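In what follows, chains are A, B, ... by sequence order, proteins preceding strands, each numbered from 1. Since this is a predicted model, take the numbers as computed values, not measurements.
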Amino acid sequence: MSQISLTFPDGNAREFPAGTTPAEVAEAISTSLGKKAISASVDGTHWDLQWPIESDARIEIHTMQDEAQALELIRHDFAHVMARAVQAIWPDTKVTIGPVTEKGWFYDFDRSEPFTPEDLGEIESKMKEIIEARDPVKTEVWDRDRAIAHYEETGEPYKIELIDRIPDDAPIRMYWHGDWQDLCRGPHLQHTGQLPADAFKLMGVSGAYWFGDTKRPMLQRIQGVAFKDRKALKAHLTFLEEAAKRDHRRLGREMDLFHMQEEAPGQVFWHPNGWTVYTQLQDYMRRKQRIGGYREINTPQVVDRKLWEASGHWDKYQHHMFVVEVDESRDGETDDASAKNKEQTRINALKPMNCPCHVQVFNQGLKSYRDLPLRLAEFGSCARFEPSGALHGIMRVRGFTQDDAHIFCTEDQIQDECARFIDFLASVYRDLGFPDFEIRFATRPEKRVGTEESWDYVEGALENAINAVGRDYVLEPGDGAFYGPKLDFYLTDAIGRVWQCGTFQVDPNLPERLDATYIDASGDKKRPFMLHRACLGSFERFIGILIEEHSGRFPFWLAPRQVVVASIVSEADDYVREVVAALEAAGVRAEADTRNEKINYKVREHSVGKVPVILAVGHREVEERTVTVRRLGEKQTSVSPLYEIVTSLHSEATPPDLR
RNA sequence: GCUGCUGUAGCUCAGAGGUAGAGCACUCCCUUGGUAAGGGAGAGGUCGAGAGUUCAAUUCUCUCCAGCAGCACCA
């Protein structure tokens, strides 16, 4: 028998017979390691203890101490144990796939009856039984025909389909957990008893398409989470509770920021509090863009289909547009006007984006190369008919306003404009509390327009620009728009979620379609490039992100109600009003609370309402012309002379760009 | 859009084939209280919309609308 050489992480190598398994290697090192081993890495591949190693390799034996590998195995084995439990309870259920996810796993099933939330408890109990049984895990490599024959016999059509997808040179691995069998690439633990029976939880049932194909019947997905131990599971469940507490839909209601209702699905009714945040943010962006070299414009929302046909949206994007038919024969008539006259019906669409309108502004009057780069910005109200299932609070809506701008420029200005934008964006994100962000660089997709030389040039310009501002990026080959490459900018929020907000896209296509031109230095007509860019994305979504980022405790300059001045005794009411007036004169958003309630009640209510500063005044403060200051989240109070607190809150209320 | 679930007072939720209840919020009264809910009284609902079954529907059935979770989508 031939020998192979296995190299350990410490650099030492040892000879073993070819076909040795990691289990045998671990055993050879020490009995205790043999017992503790759960899997191995062989040349960087996560390797089942039972798989033979046939050639020289680097090897590392994993135990439960290796968190990444342990969690992968635990979650993967849970997927199998759950599928086994499901088939034990409902034998006619067909299994499909059950991969590991970020915090657990899911398994998709085909079963005519829907799983109910009550079923989950039953499945969990069954899973615990299986774990207690400590059934051994066994694996074999089968040839294709045998595996297919097996699944024909057991009636698992999805598994046959999976086998068809396995490349010829890849092994077809069969796994057994006890007597329950599954096709699986592995690796797995050695017996079901290695699973932490108290560290998993089934999280819900939902629909999912087989391989994401909407044409195929929908499967039922059961999702679970699993961790190394009970403590980690509890920590995760606590995290979910925390995340639910900062849900912008809930805080939006509690803080009286906005509401939505079924007559206008996917559109926001902003209340005074929410609109204050919105306008603060918009005022901020307006100031930033003005000094950033942008000219602000505003364009129509209801536009004839002719423009959308010319831009290409009517062809490619019509299903996402709100189409508005207007019977123009009614022009000048009263409401009960004649029946619709088809010939005089004009078809419009609400703009789903601003770019075509911006080209119209550019196209007015002859443009010279001296006008470029021309940066046109608009807080553009757009409407998109998003699929109903996609709507989510104010994060994914049908009516929204973008902080949009289009830069018209020459080819050799692209690089500078890109670098300039990244700097601009960094400054905005810093001001808004997101000093770190990630850049993803999406390059030419398979289906695209334009020449290779043009793509080469433009992609090069973007790459140079990122390097010029000294930032890293993640390459996403093939993810660009059909007309050009793009940069997307991602923020990470306080609880680790990632949001794409900013974007920068190069577009030579739309100027072509809408016939935008400028006159160059030698007097010839030239086609400008168009750069689409946004920082926040949409105000609606960005405010949703801000709400969740801060759990509703906005930074002072953005807080809708910055200060509440509360009287302790009604004799202080006049003084309360005087304090409020002084604060308002200093540009601070202050409200009086002179209700017939105890100070405890007022403090509680405004704390729950996330007002950053409560100023309480009673006899003492009236006498001394002071206020007692209580900051949100602090139990301690301090006394401050009126003029001092007005000055300090005034400076605190100053937006970051004006400091 | 698809699968499943949900829709009862402003909010959170209970309830039943014979047209409804709690807590908080709201209004009024008492109370002037020093930092996270003082006490009392009162008002408030076409039970998401439409159709069907029934002597009777808010309750059962169907359709639609909206929301939630996930999938798909995200020029």
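- Contact annotation: side chain of A:Y209 to base of B:G1, donor-acceptor pair present below 3.5 Å.
- Between B:G34, B:G70, B:A66, one nucleotide has an atom nearer to the side chain of A:P265 than all others, and that is B:A66.
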Show me the side-chain donor-acceptor pairs of residues 97-107 of chain A shorter than 3.5 Å, one per line, residues at least two apart or across chains.
residue, atom, partner, partner atom, Å
A:T101, OG1, A:G104, N, 3.2
A:T101, OG1, A:G104, O, 3.3
A:T101, OG1, A:W105, N, 3.3
A:Y107, OH, A:K159, NZ, 3.4
A:Y107, OH, A:D182, OD2, 2.8

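- Look at A:R250 and you won't find any side-chain N or O under 4.0 angstrom from OP1 or OP2 of B:C11.
- Comparing the P positions of B:G34 and B:A22 gives an interatomic distance of 33 Å, to the nearest angstrom.
- The base-pairing partner of B:G67, taking Watson-Crick or G-U wobble contacts with both distances under 3.5 Å, is B:C5.
- Among the atoms of the strands shown, only primed sugar atoms or phosphate atoms (P, OP1, OP2) are found under 4.0 Å from some heavy atom of A:G212.
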Each nucleotide in nucleotides 35-47 of chain B should get exactly one letter: B, S or -. Can you fill that in based on protein heavy atoms under 4.0 Å? BBBS---------
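- When the C1' atom is used for both B:A9 and B:A20, the distance is 11 Å, rounded to whole Å.
- Rounded to an integer number of Å, the gap from CG of A:L251 to P of B:U12 is 13 Å.
- Nucleotides B:U12 and B:G45 are separated by 16 Å at their C1' atoms, to the nearest Å.
- Taking 4.0 angstrom as the limit, A:R595 places none of its side-chain polar atoms (N or O) nearer than this to OP1 or OP2 of B:G33.
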